[in-house]
Amino acid sequence: MPLAVEASDLLLASTSIKQEAGQMTVELWGDRLPSGYLEDLLVVLKNEQGKLVTAYAPSIKGGYNPTLRAVKLKPRFADKEQKNEQLMLSVAQGDWRAASEFRVLDFSDGKKIEEIFSSADNMGLVTKAQIKDAKLEVTLKDGQNSATNLPEEFVKEKPLGRLYYGGLYALTPHDVDGDGQEELFGTQQLVMGKQNVADVGAVWRLQEDGSWKNSAFTIMTVTPTPASNTVNDGCSIVGAAGKLGEILPRRIVVPGGEATYPIFVSERVELQNDVNKLLAEECSEYLERFYKGQADMAFKVMNKDERILSIQLISGKTSFIHHHINLDPATGQKIGLEKVLNTKDKDLLPLLRLLCTNKNIVLEEKLPAEWYIEGKNLFLMQRICGKDEVAGFDLGNLHKFLLDKKWLKTDWSVSK
């Protein structure tokens, strides 16, 4: 059967944006081929009554894992406040390691939809990159040149491979100065083979004439990490019924700081929206600390099967705090520890005290607020004297208190 016949029109993503005419719903429709590749993308704008207002085919040929986000990037003119929000569309071009295609659409003129962040902008700022004499030499599109020393791990083995510098890897909107106009934090990766060599970051601000002004240029080299280090790695979440979704990293680099935060993508549009709303709420405090220059940010997926998705948020500079998000990847709902253990059983705390090997943790009156599951172990965490103290417990030893024996199952189908 021809692929064109197998493909079908599907709702791929949705969100809402504010327009002068009122709150609008934006939907992304397209065809999904048997390989999972999406094509024939169409953005549809509907009013509050669900009536079609306009439609637009973006200049993205296709890809994977699309997301939509409302942004407010147009300048606030002195004589008129800009009430219209714009739409940021992201379509990945491979797995979580690959670059994405980003566009920003403006619906102010319903008869002429405008891509104010275009395919040319999506190519990023790097026009040339090479490694020469143990230095990373980068040329930007405005003519700026930079030479940065590389970590020894990159130059001790020769010959070095060719550097690849495709389009933007990540694009994050944020109102830097609080004036009501958001800027875009763009990050472009320089990659050699499968190894990221450096991140090139800049802040993009839309001008009144429709051009983009770039500032805060940053070139941050990356020290190679072993495969066992999964900090800031994306992943697939796979259960017995198949793939539930994916975690994708979004990265920001600025002078003196870096932040990587997670987003969730799924073929189930409502689930994708619910989980991303939760992730945005949980990440907001740590991203705000990053924007203020107070702390860097990272994340790590601790568990990723159909029972529970556990994500650890990491914030700090020289010392770090950790916060854990535990949710049901099938429903998008947060999971409290009381959904795993019978926390009302008076024998639970005495057993935990007996099994606990970290004597700094206090388990006298109540359970710690921070916890996560990794493999077949439950970990409890407390912040004591400015340090995060962790204690691990084999779930098998807690079988008497488990509310569901699924927590003892170890043969879940998971993959990176």
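Side chains included, hydrogens not; waters and symmetry mates left out as well; all remaining heavy atoms used.
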Quiz item: Are the aromatic ring centres of Phe117 and Trp204 under 6.0 angstrom apart?
Solution: yes
Exercise. Could you tell me whether the side chain of Ser146 and the main chain of Val138 form a donor-acceptor pair under 3.5 Å?
Key: no
Quiz item: For Ala99, does its backbone N or O pair with a side-chain atom of Gln93 as donor and acceptor, under 3.5 Å?
Solution: no
Quiz prompt | N-O pairing of Glu137 and Lys132 below 4.0 Å | solution = no
Quiz item: Quick one: does Thr187's side chain have a donor or acceptor within less than 3.5 Å of a partner on Gly201's backbone?
Solution: no
Self-check item: Side-chain donor-acceptor pair present, His323, Glu370, cut-off under 3.5 Å
Solution: yes
Quiz item: Would you call Lys277 and Glu282 a salt bridge, taking side-chain N to carboxylate O under 4.0 Å as the test?
Solution: no
Exercise. Consider only side-chain N and O atoms of Ser59 and Glu115, and report whether a donor and an acceptor are under 3.5 Å apart.
Key: yes
Quiz prompt | Heavy atoms of other groups near Asp179 CG, more than 12 under 6.0 Å | solution = yes
Self-check item: Pair Asn196-Asp199, side-chain donor/acceptor within less than 3.5 Å
Solution: yes
Quiz item: Do Gln272 side-chain atoms and Ser266 backbone N/O form a donor-acceptor pair below 3.5 Å?
Solution: yes
Self-check item: Neighbour count >12 (heavy atoms, 6.0 Å) for atom NZ, Lys339
Solution: no
Quiz item: Yes or no on side-chain contact (heavy atoms from CB on, under 4.5 Å) for Ser14 and Asn273, after CA distance, side-chain angles and deciding distance?
Solution: CA-CA 8 Å; Ser14 71; Asn273 290 343; 3.3 Å; yes
Quiz item: Is the closest side-chain heavy-atom distance between Gln181 and Leu206 below 4.5 Å?
Solution: yes
Exercise. Please list, chain by chain and in numerical order, all residues satisfying ring-ring contact (aromatic ring centres under 6.0 Å, His included) with Phe102, sequence neighbours excluded.
Key: none
Quiz item: So, does Gln333 use its side chain to make a donor-acceptor pair with the main chain of Leu327 at under 3.5 Å?
Solution: no
Quiz item: Do the side chain of Ser236 and the main chain of Val238 share a donor and acceptor less than 3.5 angstrom apart?
Solution: no
Quiz item: Hey, what do you get for NZ (Lys135) to CG (Leu150), rounding to the nearest 0.5 Å?
Solution: 9.0 Å
Practice problem: Check whether any side-chain N or O of Asp296 sits under 3.5 Å from a backbone N or O of Glu258 as a donor-acceptor pair, and report yes or no. | Solution: yes
Quiz prompt | No-hydrogen, no-angle side-chain donor-acceptor test under 3.5 Å, Arg251 and Thr260 | solution = yes
Exercise. For residues Ile247 and Trp96, determine if any side-chain heavy atom of one lies less than 4.5 Å from a side-chain heavy atom of the other.
Key: no
Practice problem: Kindly indicate whether the side chain of Leu402, heavy atoms from C-beta on, has any atom under 4.5 Å from the side chain of Val340. | Solution: yes
Practice problem: Give the intermediate values and the outcome of side-chain contact (heavy atoms from CB on, under 4.5 Å) for residues Val200 and Leu190. | Solution: CA-CA 8 Å; Val200 179; Leu190 306 181; 4.2 Å; yes
Quiz item: What is the distance from atom CG of Leu163 to atom NZ of Lys128, rounded to the nearest 0.5 Å?
Solution: 12.0 Å
Quiz item: Is a side-chain donor-acceptor pair under 3.5 Å present for Tyr261 with Thr172?
Solution: yes
Quiz item: Roughly how far, to the nearest 0.5 Å, is the CD1 atom of Ile335 from the CZ atom of Arg307?
Solution: 10.0 Å
Exercise. Using a 4.5 Å cut-off on heavy atoms from C-beta on, say whether the side chain of Leu309 contacts that of Val301.
Key: yes
Self-check item: Asn358 side chain to Glu389 side chain, donor-acceptor N/O pair below 3.5 angstrom
Solution: yes
Quiz item: Side chains of Arg69 and Pro173: closer than 4.5 Å at any heavy-atom pair?
Solution: yes
Quiz item: For atom CD of Glu270, is the number of surrounding heavy atoms from other residues, nucleotides or ligands below 6.0 Å larger than 12?
Solution: no
Practice problem: Give a yes or no on whether the backbone of Ser118 and the side-chain of Asp121 come within a donor-acceptor separation of less than 3.5 Å. | Solution: yes
Self-check item: Check: Ser108 and Lys83 side chains under 4.5 Å, non-hydrogen atoms
Solution: no
Quiz item: Is a salt bridge present between Glu267 and Arg32, judged by a nitrogen-to-oxygen distance below 4.0 Å?
Solution: yes
Self-check item: Residue pair Leu184, Leu73: steps toward the side-chain contact (heavy atoms from CB on, under 4.5 Å) verdict
Solution: CA-CA 8 Å; Leu184 294 174; Leu73 302 175; 3.9 Å; yes
Practice problem: Can you label the angle between the Phe379 ring and the Tyr372 ring as parallel, tilted or perpendicular, going by 30° and 60°? | Solution: parallel
Quiz item: Is the backbone N or O of Gly332 less than 3.5 Å from a side-chain atom of Asp328, with the two atoms forming a donor-acceptor pair by type?
Solution: no
Quiz item: Just how far is it from atom CG of Leu42 to atom OH of Tyr56, taken to the nearest 0.5 Å?
Solution: 11.0 Å
Quiz item: Going by an N to O cut-off under 4.0 Å, is there a salt bridge joining Asp95 and Arg97?
Solution: yes
Exercise. Flag the pair Glu246 and Lys243 as a salt bridge only when some basic side-chain nitrogen lies within less than 4.0 angstrom of an acidic carboxylate oxygen.
Key: yes
Quiz item: Is atom NZ of Lys61 surrounded by more than 12 heavy atoms (other residues, nucleotides or ligands) closer than 6.0 Å?
Solution: no
Self-check item: Within 6.0 angstrom of Lys51 NZ, more than 12 heavy atoms from elsewhere
Solution: no
Exercise. Using atom types as modelled and distance alone, determine if a side-chain donor or acceptor of Asp106 lies under 3.5 Å from a backbone N or O of Ile116.
Key: no
Which pairs of donor and acceptor atoms, one on a side chain in residues 283-295, lie under 3.5 Å apart (sequence neighbours left out)?
residue, atom, partner, partner atom, Å
Ser284, OG, Glu281, O, 2.9
Arg289, NE, Ser315, OG, 3.3

Exercise. With rounding to the nearest 0.5 Å, note down the distance linking NZ in Lys304 to CE in Met302.
Key: 11.0 Å
Practice problem: Any chance you could measure Thr148, atom OG1, to Ile219, atom CD1, to the nearest 0.5 Å? | Solution: 5.0 Å
Practice problem: Would you mind telling me which of Leu271, Val275, Thr67, Leu12 makes a side-chain contact (heavy atoms from CB on, under 4.5 Å) with Val265? | Solution: Thr67
Quiz item: Do Asp109 and Glu114 touch side chain to side chain, with heavy atoms closer than 4.5 Å?
Solution: no
Exercise. Take Leu378 and Leu398, measure what side-chain contact (heavy atoms from CB on, under 4.5 Å) needs, and give me the verdict at the end.
Key: CA-CA 9 Å; Leu378 169 71; Leu398 305 177; 3.9 Å; yes
Quiz item: So, Asp305 and Asn303: side-chain donor and acceptor under 3.5 Å apart, yes or no?
Solution: yes
Quiz item: Any side-chain heavy-atom pair from Leu348 and Leu352 closer than 4.5 angstrom?
Solution: yes
Quiz item: Using 4.0 Å as the upper bound for N to carboxylate O, is an ion pair formed by Arg103 and Glu101?
Solution: yes
Quiz prompt | Pair Gln144, Asp142: side-chain N/O donor-acceptor within cut-off below 3.5 Å | solution = yes
